[in-house]
Structure formats: structure tokens, C-alpha cells
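Before any comments, here is the structure.
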Amino acid sequence: PVPQDLAGRHVLITSGPTHEPIDPVRYIANRSSGKQGHAIAAWMARHGARVTLVSGPVTLADPPGVDVVKVETARQMLAAVEAALPADVAVMAAAVADWRTDGESDRKIKKDGSGKVPVLALTENPDILATIGRHSSARPRLVVGFAAETNDVVDNARGKLERKGADLIVANDVSPETGVMGGDANTVRLVSHDGVTDWPTLSKDEVARRLVAEIARRLAATVGP
Ligand code: C5P
């Protein structure tokens, strides 16, 4: 049986990509299936937590026993996250697009046959993890981020821990040869102020199961019952 050690806790999770429209038919996005974030939401619910899952566009079913808020853009995701506060724990697993187009076209951009190509101007999106990690009035007691990297995985994760005000970063190598993107397996390293813990290659469901147990343990250690 799964311990009900998150009963009475509110856990806020982001998952999936964001889509940033270029025009009514095109968008910019990061690659993300949402499998890892959704699996974490499902395990949080099994531990008795009240779970709010803010999800970008994914093809996955809603996890059982979870409140799902569906969004498309980073700005909508941030608004939904802010609206869901307060929370005891935040797990920001979404692959948020760092940039959106500066001035979305309300009409389809047409290929006119002249060979001229449109130039997209980009502008920076809000950083949702940093906003929550550095929240002045409603920072969750435990803030967990992800770091998908192709090189210098631990150094980059340590940087994010500091810059984004997170307590824990789940770092993984997403170089194409790892097959992590869209796949069912993940090899992660947990980076916190206590140091680095390497986990073996596991299914995303098993990573979620262990991560939720670790978060429940850390939450109990920081706040008591
Ligand atoms: O800097 P990078 O995007 O690699 O950081 C990854 C972490 O930050 C993830 O936890 C991701 O969900 C979060 N993030 C965010 N908002 C952004 C960019 C990243 O919440 N605009």
C-alpha cells in the first residue's frame, strides 16, 4: 500500500510543452510528451495529496484523482500556476518555451511565391519556476525543477538551483542518443544543496514513484506533520 503521507497537502505540477503561436496555424514549441510530469501527478495523488496539474498540449489522458488545468502558452501556464497557489509543493516539469513571437499575427502568414521569407522576432517568456521559487508571499515549502541538458548536466542544474530559487533539480541528459525525449525511460540525477544523487535508468513511472517518495520525505523533514 502507498503511504498517505501527502494527505492534506496541495501539490502543484506543470507538465507538457507550451505552444507559442506564430499565426493561427503555426506555433513554436519544445519537445515534450508530458509523460514524466503526468506520472508525478499520478503518484502524488496516490500518496493522498490534492493535486493541481497545469498541463500544456499533450496527448495523454488526465491522471486519476487530479485536477487538470489545460493551457497552451507560457503566459497562460504562469497565470494558472499563480491562480492555484498556495501549495505545499511545486514540481515544475513542463518544457516551457523560453521565447514567444513578438507580435502574433492574427491572420495566416502567406507564402506569396516571391521567395521572400518572414522574419520572426522573439521575446522572452516569463520563467514560471523562477517566479514560484522566488515568490515573495506564497512560495511553496518545497520547489522542484527539472533541467533537460545535453552537456554539463550537473553544473547547469546547480546554476538553476540558485538562479531559480529551487530546493531540488531533477537533471537529465536529453542528447538524442539517450532516447529520453518521448521515450518511456529516464536517467536522472537529483541535485540539491545537499549534493548530487544519481539514479539508475528507470521507467518514467518509476522515476515518478521514487521522486514523490523523496519529496514526501523532504517535506516531512522540513515542516513536520
Ligand atoms: O532553464 P530551463 O528551461 O532549462 O529550466 C528548466 C526548468 O525551469 C524546468 O523545471 C522548467 O519547467 C522550468 N521553466 C519554467 N519556465 C520557463 C522555463 C523553464 O518554469 N520559462
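Order of listing sets the numbers, starting from 1, for every ligand and every atom in it.
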Side chain, backbone, both or neither: [X] near ligand 1, heavy atoms under 4.0 Å:
{"X": "A74", "result": "neither"}
{"X": "D98", "result": "side chain"}
{"X": "D127", "result": "both"}

N/O donor-acceptor pair under 3.5 Å between [X] side chain and [Y] backbone:
{"X": "E104", "Y": "D102", "result": "no"}
{"X": "H10", "Y": "P86", "result": "yes"}
{"X": "R50", "Y": "R9", "result": "no"}
{"X": "R134", "Y": "R163", "result": "yes"}
{"X": "R26", "Y": "I109", "result": "yes"}

Output yes when the distance from some N or O of ligand 1 to some N or O of [X] is under 3.5 Å, and no in every other case.
{"X": "A148", "result": "no"}
{"X": "A95", "result": "no"}
{"X": "A97", "result": "no"}
{"X": "T14", "result": "no"}
{"X": "G145", "result": "no"}
{"X": "M92", "result": "yes"}

Task: From V11, L12, I13, residue fulfilling side chain to side chain contact (heavy atoms under 4.5 Å, CB included) relative to V89 - done: V11
TODO: Check each of V153, T201, N172 against V188 using the side chain to side chain contact (heavy atoms under 4.5 Å, CB included) test, and report the only one that passes.
DONE: N172
Considering only protein heavy atoms, which is closest to [atom], and at what distance to one decimal place?
{"atom": "atom 12 (O) of ligand 1", "result": "A94 O, 2.6 Å"}
{"atom": "atom 19 (C) of ligand 1", "result": "K164 NZ, 3.6 Å"}
{"atom": "atom 21 (N) of ligand 1", "result": "P126 O, 2.8 Å"}
{"atom": "atom 7 (C) of ligand 1", "result": "F146 O, 2.9 Å"}
{"atom": "atom 16 (N) of ligand 1", "result": "I128 N, 3.0 Å"}
{"atom": "atom 2 (P) of ligand 1", "result": "K160 NZ, 3.4 Å"}

TODO: With heavy atoms of L129 as the reference, note each atom of ligand 1 found under 4.0 Å away.
DONE: 7 (C), 8 (O), 10 (O), 13 (C), 15 (C), 20 (O)
Open item on the list: As an exercise, identify every atom of ligand 1 less than 4.0 angstrom from a heavy atom of V96.
Closed with: 15 (C), 16 (N), 17 (C), 18 (C), 20 (O), 21 (N)
Open item on the list: Please determine whether any non-hydrogen atom of A166 lies less than 4.0 Å from an atom of ligand 1.
Closed with: no
Task: Distance (rounded to the nearest 0.5 Å) between I128 CD1 and M77 CE - done: 5.5 Å
- [ ] State the CG-CG distance between D5 and L219, to the nearest 0.5 angstrom.
- [x] 9.0 Å
Task: Test applied, side chain to side chain donor-acceptor pair (under 3.5 Å); reference residue, D184; option that passes from K204, K35, Q36 - done: K35
Task: Distance-only donor-acceptor check, side chains D112 and S114, under 3.5 Å - done: yes
